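Small disclaimer: the values here were computed from a predicted structure and weren't measured. Computation of the quantities below employed the complete heavy-atom set of this structure, encompassing side-chain atoms and omitting hydrogens, waters and symmetry-equivalent molecules. In the text below, chain A, chain B and the rest are named by the order of the sequence lines, each starting its count at 1.
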Amino acid sequence: MVSDINVPTAMKNFIEELKWRGMYHQSVDGIETELNKGMAVGYIGFDPTADSLGIGNMVQIMTLLHFQKCGHKPIALVGGATGMVGDPSGKSAERNLLDEETLNYNIACQRVQLEQFLDFDCGENSAEIVNNYDWFKDFGFLDFIRDVGKHITVNYMKAKDSVKKRIDGDNKEGMSFTEFTYQLVQGYDFYHLWKNHNCLLQLGGSDQWGNITTGTEMIKRLGGGKGYAVTTPLITKSDGTKFGKTEEGNLWLDGKKTSPYAFYQFWLGASDDDAPGYIRIFSTQSKEELDALEATHQQDPARRILQNALADEITERVHGKTALELAKEASGILFKKEARKADFERLPDDLLDAVFKDVPQTTIPRDVVTSGTAIIDFLSDHTGFLRSKGEARRALKENSVSLNKKKVNDGYTVSEEDLVKGRFVFIQRGKKKQFIVNVE
RNA sequence: GGGGAAAUACUCAAGCGGUCAACGAGGACAGACUGUAAAUCUGUUGGCUACGCCUUCGUAGGUUCGAAUCCUGCUUUCCCCA
């Protein structure tokens, strides 16, 4: 390795790194030796099924980042071609295909996000982004089945889990020829990168093992070389629900789809059981630093040191420092027990707007408030915060409704005095369900 | 093609002519305790002008004083025989 100031990190053992981070699932033998020889090139593919990457994709992004931090060169592949076929892995039924325009848009969006994470200007191990559409667009069907298909047997393809489940499984759905062929397309990607980018490793989630090994098989048969595979385990939550989803659905990296505040809250809300595992994966801090942090956390779990560190680091990485500060500011105001109407009054308007941008809200005519409205009608009919009067009554009975951080009961009448800065009311049901009512 | 069974709320699942807005479990939400954690305990989980009324048990009709419950058509799903 050249002694260049642009080379940020000394070579580290990537496999060791994955292991202590709990990100190692399985690998093809020999990869560790291969990586120890010096800088290597590895890649992960991303499926352009949406116009933003989600938190679920972050494990793979972090894998690439850790890979780069160990001194290797990461390639992120966006699946312009594979997206047109549809990966059957983990799917029990045939998928619908996206049209080309949508795919292109999705790819463009994802590309921008990937660029936030990886370092594209650090000398020889700078990251790269490639699109497999580039080498598939001119690859004709006949050429493909002659040059690629000929080398892989159907027997081999049928043995893959993703295929077997659909053909022989208990609830066999059948599968189209298109999806059956998918592994060849992804496999060929690996071969292409191996041949043209000197890429010897494909990384991915454990569900990708079958597709990756089809690639190594192709490298062996078509190129007479050796490709390697390393997979990461599925991230789980201690309560068994799916990681990266909330009530509202997927959490996205795109600030327009999932606000920085909601993003920050997701990580901050991690349970004690999950936090140590998450921070190992999603933080770039060293083992020593994280061990120390965890030890401090254990001494006084109530301070939620791990959750805070985790939320801070990831939110800043994805949304930037300013957005993080705002998210924290908002969290402080919306969650702190001592917060009162006066706290809202105190804040300057522009900051207040930024803080509340992420809280669901509605606007109602001013006279609803000024003329005095019963709290039940206010919560349901006028604002739609609660779905029905029945629900509003229930919530009030449970003593769970607060107006501007103050609990109210069902005899309460909303009046002009409840307006903060003369223009909005902040309501909550419990701690986490928050809402803003503006008047005009 | 022939025969049989089933369809109930977010999910699973009771109910077999009135006492059913519909047992129970899970989930979800809230309260207490906390730390925006977990566990635990408690409450809620169709709507309303609310001791009453209205709409809901696949769908459309019918029988009946009265139907989620019985009958008929339709739709969908599952099973068995060809």
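Residue contacts for A:D273: at a heavy-atom cut-off of 4.0 Å it reaches no nucleic acid atom on any strand shown. Among the heavy atoms of the strands, none lies under 4.0 Å from A:R303.
Every pair passing ring-ring contact (aromatic ring centres under 6.0 Å, His included) that includes a residue from residues 390-429 of chain A is listed here, sequence neighbours excluded: A:F344-A:F426, A:F356-A:F424, A:F356-A:F426. Residue pairs meeting the ring-ring contact (aromatic ring centres under 6.0 Å, His included) criterion with at least one member in residues 288-323 of chain A, sequence neighbours excluded: A:F263-A:H319. Screening residues 372-405 of chain A for ring-ring contact (aromatic ring centres under 6.0 Å, His included) gives A:F385-A:F435 as the qualifying pairs, with residues at least two apart or on separate chains.
Under the Watson-Crick and G-U wobble criteria, each requiring two contacts below 3.5 Å, nucleotide B:G66 is left unpaired. B:A14: no Watson-Crick or G-U partner with both key distances under 3.5 Å is found in any strand. Searching all strands for a Watson-Crick or G-U wobble partner of B:C23 with both distances below 3.5 Å returns nothing. Nucleotide B:A30 forms a pair with B:U42, judged by Watson-Crick or G-U wobble geometry with both contacts under 3.5 Å. B:C78 and B:G4 make up a base pair, with Watson-Crick or G-U wobble contacts both under 3.5 Å.
One cannot find a donor-acceptor pair under 3.5 Å joining the base of B:G35 and the side-chain atoms of A:D300. Applying the 3.5 Å distance criterion, the base of B:U36 shares no donor-acceptor pair with the side chain of A:Q307.
Set against B:U36, B:A38, B:G31, the side chain of A:S400 has B:G31 as its closest nucleotide. In this structure, of B:G35, B:U36, B:C29, it is B:G35 that holds the atom nearest to the side chain of A:A302. Residue A:S331 places its side chain closer to B:U36 than to any other of B:A30, B:G35, B:U36.
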(request) Any chance you could list the contact pattern along nucleotides 44-57 of chain B? Use B for base contacts, S for sugar-phosphate-only contacts and - for none, protein heavy atoms under 4.0 Å, 5' to 3'. (result) SS-SSSB-------
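The pair A:E294-A:R280 meets the salt-bridge criterion, with a side-chain N (NZ, NE, NH1 or NH2) lying under 4.0 Å from an Asp/Glu carboxylate O. A:E345 and A:K421 are not joined by a salt bridge, as no carboxylate oxygen comes within less than 4.0 angstrom of a charged side-chain nitrogen.
Note: CZ (A:R429) to C1' (B:G43) measures 11 Å, nearest angstrom. The separation between A:Q298 atom CD and B:A37 atom P is 17 Å, rounded to whole Å.
Glycosidic conformation at B:C48 (O4'-C1'-N9-C4 for purines, O4'-C1'-N1-C2 for pyrimidines): anti, more than 90° from 0.
Residues passing the side-chain contact (heavy atoms from CB on, under 4.5 Å) test with A:T213, sequence neighbours excluded: A:Y156, A:K160, A:W209, A:T216. Not counting sequence neighbours, the partners of A:K287 by the side chain to side chain donor-acceptor pair (under 3.5 Å) test are A:D291.
Nearest-nucleotide positions on RNA chain B for A:N399 and A:Y264 put A:N399 closer to the 5' end.
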